[in-house]
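Per chain, numbering begins at 1; letters A, B, ... match sequence-line order. Keep in mind it's a predicted model, so treat the numbers as computed, not measured.
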Amino acid sequence: MESVRRRLAPAMTAARFTRVTVRRPDLRIPFPRRFAARLTGETVVALTRRAKYLVAELSSGETLLMHLGMSGSFRVERAGTGGRAQRAPGLHDHVVFEMSTGAVVTFNDPRRFGFMDLLTPRQLAAHPVLSTLGPEPLSAAFDASSLALALRGKKTSLKASLLDQRVVAGLGNIYVSEALHRAGLSPLRRASTIATPSGKPRPAAHRLSAAIKQVLIEAVERRRTPSYRVHRFQVYDRENEPCRTRGCGGTIQRRTHAGRSTFYCPSCQR
DNA sequence: ATTGAGACCTGTCGGC
DNA sequence: TGCCGACAGGTCTCAA
């Protein structure tokens with residue numbers, strides 16, 4: 001999402017919505033009343049991100065909230081000039097933003113797990129999801145101590161806890177698998193075991209918080225270069241392939257856990 | 001309160 | 001080639 005934000009920011013920041021088209025209203029949650037009308041004419045003061053949400057602060061004081069779900073994406077194009085016809089909308093193009101910069105931003109989402117919402121300041125402050133999100137993993141607020149406190153007493157697995165957005169915001173299935181592998185921790189391990197009973201961080205908490213930060217920094221960095229397309233993860237989608245940990249020699253396993261695939265090396269992740 | 005399973009929806013891929 | 005099931009990077013709800 002951070003990479004998406006960086007790509008959209010030049011097209012949308014300080015730009016006005018000159019036209020907003022909702023082509024398909026039934027995304028995961030219904031659009032709010034008069035969505036297009038409320039947005040049209042507004043200027044984007046800032047385009048930020050919180051967890052996996054894209055957040056556009058508007059000049060009206062309202063906030064445009066966007067989520068890509070599993071299959072959502074944005075396309076940025078230049079508006080047709082000199083009377084050239086606008087590109088025909090593609091399959092699953094659900095929302096089109098025409099911006100005063102001449103950029104046309106199109107939201108495409110085959111599975112329609114994504115959504116957009118328009119929040120008043122009051123709604124934003126009381127948002128049931130946003131207001132309960134955990135710390136941003138790359139912020140100073142997230143470290144071994146805060147992670148240990150959050151996982152103290154948790155009976156569920158490390159895997160499940162790290163996917164819980166209230167523990168740490170913005171981690172998904174892939175990066176949880178990758179971070180646990182880097183930290184040498186089993187996804188099946190009880191979450192509470194990285195903390196002492198009083199919630200102090202054990203060494204595993206230090207390794208895990210550091211691994212999460214490293215994995216995310218590298219992921220965003222990789223998106224800046226063309227090489228990301230051929231990148232192979234260390235464990236994700238590598239079932240039955242050799243573990244890449246130096247001197248490990250294990251084989252990556254895949255398990256389904258609460259309907260989600262978990263990849264890990266039983267030999268170097270304990 | 002916490003936890004896990006199922007649901008939401010469409011596309012793709014591998015096996016037959 | 002065509003059909004069918006399994007699976008997909010995320011939440012949300014429901015029931016135990």
Side-chain angles (χ1 to χ4, degrees), chain A residues 1-5 7 23-31 49-55 65-75 89-95 107-117 119 127-134 136-137 149-182 187-193 195 199 212 215-216 218-220 222-223 228-241 252-264:
Chain A
M1 271 314 298
E2 179 55 23
S3 303
V4 172
R5 189 198 68 76
R7 197 163 49 80
R23 304 189 57 248
R24 179 135 193 186
D26 54 337
L27 303 190
R28 177 153 65 87
I29 65 175
F31 284 88
R49 179 194 55 77
R50 181 75 173 99
K52 296 167 194 164
Y53 295 84
L54 202 55
V55 180
L65 193 65
M66 297 169 275
H67 197 288
L68 295 183
M70 297 249 262
S71 58
S73 64
F74 284 102
R75 213 169 58 231
L91 189 63
H92 306 309
D93 283 352
H94 304 317
V95 184
F107 175 67
N108 180 285
D109 185 5
R111 291 175 77 178
R112 307 204 319 277
F113 284 177
F115 68 87
M116 292 194 186
D117 203 355
L119 307 172
H127 193 278
V129 173
L130 292 184
S131 62
T132 59
L133 284 175
E136 285 292 321
L149 269 181
L151 298 190
R152 168 171 69 157
K154 278 211 176 288
K155 293 189 193 166
T156 189
S157 64
L158 278 177
K159 173 76 193 293
S161 342
L162 293 183
L163 282 174
D164 184 343
Q165 303 293 299
R166 296 167 303 183
V167 169
V168 51
L171 290 187
N173 202 33
I174 291 178
Y175 294 127
V176 168
S177 281
E178 293 296 306
L180 285 168
H181 179 260
R182 182 180 291 240
L188 311 173
R189 177 166 159 161
R190 218 173 137 115
S192 60
T193 60
I212 288 169
V215 161
L216 291 179
E218 286 175 15
V220 173
R222 210 161 41 233
R223 288 275 174 166
Y228 79 87
R229 295 186 186 285
V230 293
H231 173 261
R232 301 291 316 273
F233 296 108
Q234 293 296 112
V235 283
Y236 184 80
D237 206 19
R238 293 195 63 238
E239 184 180 18
N240 294 330
E241 293 182 41
I252 305 304
Q253 305 291 304
R254 170 179 174 273
R255 303 174 68 114
T256 312
H257 198 50
R260 299 243 93 68
S261 283
T262 293
F263 297 87
Y264 69 108

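- Here the nucleotide nearest the side chain of A:Arg24, chosen from C:dT11, B:dT10, C:dG9, is B:dT10.
- Residue A:Arg190 contributes atom CZ, which lies 14 Å from atom P of B:dT2 at whole-angstrom precision.
- The CZ atom of A:Arg222 sits 9.5 Å away from the OG atom of A:Ser3 when rounded to the nearest 0.5 Å.
- The gap from the P atom of B:dT3 to that of C:dG9 amounts to 22 Å, rounded to the nearest Å.
- Considering only the side chain of A:Val129, C:dC12 comes nearest among C:dG9, C:dC12, B:dT3.
- Proximity note for A:His92 (side chain, C-beta onward) versus C:dC7, B:dT3, B:dG11: the nearest is B:dG11.
- When the P atom is compared between B:dC9 and C:dC3, the two are found 24 Å apart, to the nearest whole Å.
- Distances from the side chain of A:Ala160 to the nucleotides B:dG4, C:dT11, C:dA8 place B:dG4 closest.
- With a cut-off of 3.5 Å on both Watson-Crick or G-U wobble distances, the partner of C:dC4 is given as B:dG14.
- Checking C:dG10, C:dG9, B:dG11 against the side-chain heavy atoms of A:Pro110 singles out B:dG11 as nearest.
- Both distances falling under 3.5 Å, in either a Watson-Crick or a G-U wobble arrangement, occur for no nucleotide opposite B:dC9.
- Distance noted for atom P between C:dC7 and B:dA5: 15 Å (whole Å).
- When the P atom is used for both B:dG11 and C:dC12, the distance is 23 Å, rounded to whole Å.
- Phosphate proximity of C:dA8 to A:Ser261: present, with a side-chain N or O under 4.0 Å from OP1 or OP2.
- With B:dG4, C:dG10, C:dA8 as the choices, the nucleotide that has an atom nearest any side-chain atom of A:Tyr236 turns out to be C:dA8.
- The side chain of A:Arg112 approaches B:dT10 more closely than any other nucleotide in the set B:dT10, C:dC12, C:dG9.
- Per the geometry, CZ belonging to A:Arg111 stands 11 Å off C1' belonging to C:dT11, to the nearest Å.
- With salt bridges taken as basic N to acidic carboxylate O contacts below 4.0 Å, none links A:Asp109 and A:Arg28.
- When each of A:Leu91 and A:Arg28 is assigned the nucleotide of DNA chain B bearing its nearest heavy atom, the one mapping closer to the 5' terminus is A:Arg28.
- Counting to the nearest Å, the P atom of C:dG10 and the CZ atom of A:Phe113 are 11 Å from each other.
- For A:Leu119 against A:His127, the heavy-atom pair with the smallest separation is CD1-CD2, 3.8 Å.
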